[in-house]
Number of protein chains: 2
Amino acid sequence: MQMGEGVEWALHSCLNLAWAEHQAVTARKLAAFYDLPPAYLNRQLQALARAGIVASTSGPRGGFRLARAPEEITLLDVVVAIEGGREAFRCQQIMRDGPGGRSDVDYRRHCLVSQAMSRAELAWRRELAAQTLADIRDSVEEKHPDAPRMARNRLAQPAR
Amino acid sequence: MQMGEGVEWALHSCLNLAWAEHQAVTARKLAAFYDLPPAYLNRQLQALARAGIVASTSGPRGGFRLARAPEEITLLDVVVAIEGGREAFRCQQIMRDGPGGRSDVDYRRHCLVSQAMSRAELAWRRELAAQTLADIRDSVEEKHPDAPRMARNRLAQPAR
DNA sequence: GACCTCATACTCGGATAGGGGCTGTCCGAGTGTTTATGG
DNA sequence: CCATAAACACTCGGACAGCCCCTATCCGAGTATGAGGTC
């Protein structure tokens with residue numbers, strides 16, 4: 001069970017977009033920030049756009065910007081946008097083929113194994129939903145007060 | 001991010017092994033219980049054996065049995081045995097290539113994004129480690145008191 | 001000088017190949033059982 | 001009848017293909033820009 005690395009890129013890119021404020025930033029510049037493949041990062045940003053986390057603008061002076069305030073974007077929003085909303089543990093309802101298995105029972109809700117796994121996954125989601133992009137941004141700024149300025153500088157430079 | 005379905009099979013099989021008590025059960029019988037591919041389930045049981053969760057015996061009258069008491073087997077143990085212990089979110093330390101990135105800093109520990117993701121994953125692990133196989137077994141028996149007898153009956157039958 | 005038109009360059013967006021890991025299967029090494037045989 | 005030994009049948013264990021999703025890339029549709037020409 002491994003998370004796609006696009007999640008990491010998306011989170012850091014969202015953070016940079018938060019520092020860029022309302023300035024639209026191109027995928028190329030965001031990719032150059034961490035030396036990432038521009039086309040592939042673009043793909044992740046598209047997923048964020050479909051989820052309504054970022055807004056995109058085409059043409060010259062176009063790019064991506066946050067569609068909502070950082071306080072209204074949770075880490076769970078970003079993870080779900082990139083990885084999809086389906087649960088990591090998907091109950092295949094194998095108990096239906098076991099002794100005493102009923103076809104009219106939804107074991108995704110009644111199987112106690114499935115319940116236990118879902119409970120753990122819920123704790124994971126709850127923790128992700130409890131932290132917003134603004135929380136991360138503020139924590140970073142507290143440790144590195146000049147991070148916003150450095151980010152804006154880098155994003156202002158032409159992307160090579 | 002999706003968990004392998006072998007985890008579900010392993011959990012249910014461990015539960016059946018708990019009801020079989022100290023009787024060795026072959027992979028074929030465990031597979032027949034839920035109509036699963038025997039060879040593939042065997043593969044998962046081998047992983048459990050390598051992790052020390054079950055003990056295996058070759059030859060006639062051989063099979064698998066729990067290596068520890070159900071109270072000493074957590075859901076996390078089973079998940080780690082099948083899926084591996086590496087974290088779902090693996091920090092690639094992309095900040096090293098960003099502005100102000102240092103090569104001598106381990107961003108897996110210092111990057112705040114990575115910390116937030118690890119915190120969520122820790123909550124998930126904690127929840128999984130809090131429930132043992134005995135907890136699940138007892139919960140099932142409470143709802144279906146004849147589950148152990150039915151399981152033992154099915155496991156006693158020759159696997160077709 | 002102001003306005004309109006057109007060519008331009010730049011951006012996102014979706015469609016298109018390549019690779020790694022999960023899924024599924026097979027056969028061989030090892031072992032306890034059973035059976036036949038000889039004392 | 002009992003001991004012995006060999007043949008056997010059954011099990012785990014690891015090695016071998018197939019498929020799907022993530023990774024990576026490319027090119028086209030759309031658009032704001034800027035230049036050039038005209039009034």
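All chains are named by letter (A, B, ...) in the order of the sequence lines, taking the proteins before the strands, and each is independently numbered beginning at 1.
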Atom CG of B:Asn42 and atom C1' of C:dC26 are separated, to the nearest Å, by 12 Å
So CG of A:Asp77 and CD1 of A:Ile82: to nearest 0.5 Å the spacing works out to 11.5 Å
From the candidates D:dG13, D:dT11, C:dG13, the one with an atom nearest any side-chain atom of B:Phe64 is D:dG13
Note to self: Is it true that, when you exclude A:Glu72 itself, more than 12 heavy atoms of the residues, nucleotides or ligands shown sit nearer than 6.0 Å to its CD?
What the structure shows: no
Main-chain N/O of A:Arg108 paired to A:Ser114 side chain as donor or acceptor, under 3.5 Å:
yes
When rounded to whole Å, the CZ to P distance for the pair A:Arg50 and C:dC12 reads 14 Å
ask   = Under a 4.5 Å side-chain heavy-atom rule over Ile, Leu, Val, Met, Phe, Trp and Tyr, are B:Met150 and B:Tyr34 clustered together?
value = no
Quick tally for nucleotides 18-25 of chain D: nucleotides whose base has a protein heavy atom under 4.0 Å get B, sugar-phosphate-only ones S, the rest -, giving -----BBB
Donor-acceptor pairs under 3.5 Å, side chain of residues 1-24 of chain A to any protein atom, not counting sequence neighbours: which ones?
residue, atom, partner, partner atom, Å
A:Gln2, OE1, B:Arg86, NE, 2.9
A:Glu8, OE1, B:Gln92, N, 3.0
A:Glu8, OE2, B:Gln92, N, 3.2
A:Ser13, OG, A:Trp9, O, 2.9
A:Asn16, ND2, A:His12, O, 3.4
A:Trp19, NE1, A:Glu141, OE2, 2.8

Rounded to whole Å, the CG-P distance (B:Asp35 to C:dG24) equals 12 Å
Its contact letters, B for base, S for sugar-phosphate only and - for none at protein heavy atoms under 4.0 Å, make nucleotides 27-34 of chain D read ---BBB--
When rounded to whole Å, the CD to P distance for the pair A:Gln92 and C:dC22 reads 16 Å
Would you check if B:Glu87 and B:Arg125 make a side-chain contact, meaning some heavy-atom pair closer than 4.5 Å? yes
### Message
Tell me if the CZ atom of A:Arg61 is crowded by more than 12 foreign heavy atoms within 6.0 Å.
### Response
no
Taking every heavy atom of B:Thr57 against every heavy atom of B:Arg65, the minimum-distance pair comes out as OG1-NH1, 3.5 Å
The nucleotide from D:dT11, D:dG13, C:dG14 with an atom nearest the side chain of B:Gln46 is D:dG13
